[in-house]
Amino acid sequence: MTADASDAVEIRNALLRLRRATGLPVAFGGLLEAGQRMRISELDGTATHALRSLVVTSGTGLGGKTVALARPCVVTDYSASRQISHEYDAAVAVEGLRSVLAVPVVVRHRVRGVLYGALRTARPLGGRMLDAAVEAARDVERSLAVRDEARALAAGAGAGAGWEQVREAHAALRALAPRIADPGLRAEMLAACALLAAESGGSEPSPRVRLAPREVDVLACVAAGATNAVAAERLGVTPETVKGYLRSAMRKLRAGTRGEAVVAARRAGWLP
């Protein structure tokens, strides 16, 4: 899968979480490009721009070792370490980094990026810090996996195949999202739904048609072929509630039938 700006945002957010959880003053990272090269694109807490856009090749330096081994790596004194090669010492020295950890972001057994955390003093980075960094990487992995699935479904639909699977997946995700207690994971799931609608429909939701989340949920079920009773069961509401949301959505979309409402919602960018 090709990385895009939204994937880079996931790295940026993970760096913030990594710093909060570990107390490390510096964090940075990036995503892999073609040919097993990783470009450092996101910086947090750095004093210079020495590391920005640095390209790290698999097997070289701490990050390259992490990419090659697909596991976390740590050095207590970067420039003096005999465990890594030293192609990037100049950039690391300009930033004044000493103790550094690197954690891979692995999706479906493939390294997709690397998160780093660092100190400007040479002292061991304990297991608690490494565990927190690994957890930040896991968050990115989950988000990228959801985005990959959404893109794959949308690509299949765009190629003229898989439309029904896309609509069924969209409806299932929308029905499941309200039951997720974790607000971050719930937001990621709804973002995946929006990605399905946007990439397969080719447009963002129209600001002229403002649908409530539950109205979109009901329309997604209808688009996947569900009756009111089935939609009610999926969404955990009564059939009368489903009818109410459907009537409201039809009014906003100026549709006379369920089918017209689904078509209008697709044209407005709300459904795939």
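Tracing side-chain contacts under 4.5 Å through hydrophobic residues (I, L, V, M, F, W, Y), one reaches Val107 starting from Leu31; they form part of the same cluster.
When each of Arg12, Arg52, Glu95 is tested with Leu43 by the rule side-chain contact (heavy atoms from CB on, under 4.5 Å), just one qualifies, namely Arg52. Shown are Thr66, Asp131, Leu101, Leu130; of these, the side-chain contact (heavy atoms from CB on, under 4.5 Å) with Pro72 is made only by Leu130.
Judged as a side-chain contact (heavy atoms from CB on, under 4.5 Å), and not counting sequence neighbours, the contacts of Val263 are Arg267. Judged as a side chain to side chain donor-acceptor pair (under 3.5 Å), and not counting sequence neighbours, the contacts of Arg19 are Asp44. With sequence neighbours excluded, the residues forming a salt bridge (Lys or Arg N to Asp or Glu O under 4.0 Å) with Arg17 are Asp139, listed by chain and number. Glu233 is linked by a side chain to side chain donor-acceptor pair (under 3.5 Å) to nothing, counting only residues two or more places apart in sequence or in another chain. Shown here are the side chain to side chain donor-acceptor pair (under 3.5 Å) partners of Lys252, two or more places apart in sequence or in another chain: Glu215. Residues passing the side-chain contact (heavy atoms from CB on, under 4.5 Å) test with Ser41, sequence neighbours excluded: none. In this view, His86 and Asp89 satisfy the side chain to side chain donor-acceptor pair (under 3.5 Å) rule, not counting sequence neighbours.
A heavy-atom distance below 4.5 Å is not found between the side chains of Thr76 and Leu125.
Contacts classified as salt bridge (Lys or Arg N to Asp or Glu O under 4.0 Å) and involving residues 71-88 (residues at least two apart or in different chains) are given here: Asp77-Arg98. Within the structure, ring-ring contact (aromatic ring centres under 6.0 Å, His included) pairs that include any residue of residues 101-136 comprise Phe28-Tyr116 (at least two apart or interchain). Sequence neighbours left out, the pairs with a member in residues 239-249 that pass salt bridge (Lys or Arg N to Asp or Glu O under 4.0 Å) are Glu240-Lys243. Contacts classified as side-chain hydrogen bond (donor to acceptor under 3.5 Å, both in side chains) and involving residues 254-265 (residues at least two apart or in different chains) are given here: Asn228-Arg258. Residue pairs that meet the ring-ring contact (aromatic ring centres under 6.0 Å, His included) test with at least one member in residues 219-250, sequence neighbours left out, do not exist here.
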Practice task
Decide side chain to side chain contact (heavy atoms under 4.5 Å, CB included) for Arg112 and Val140; before the verdict, give the C-alpha distance in whole Å, the side-chain angles of both, and the deciding distance to 0.1 Å.
Solution key: CA-CA 10 Å; Arg112 294 279 295 276; Val140 180; over 6 Å; no
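Without hydrogens or angle criteria, Gln36 side chain to Thr57 main chain gives no donor-acceptor distance under 3.5 Å.
Across every non-hydrogen atom of Ala261 and Leu219, the tightest pair is CB-CD2, 3.9 Å.
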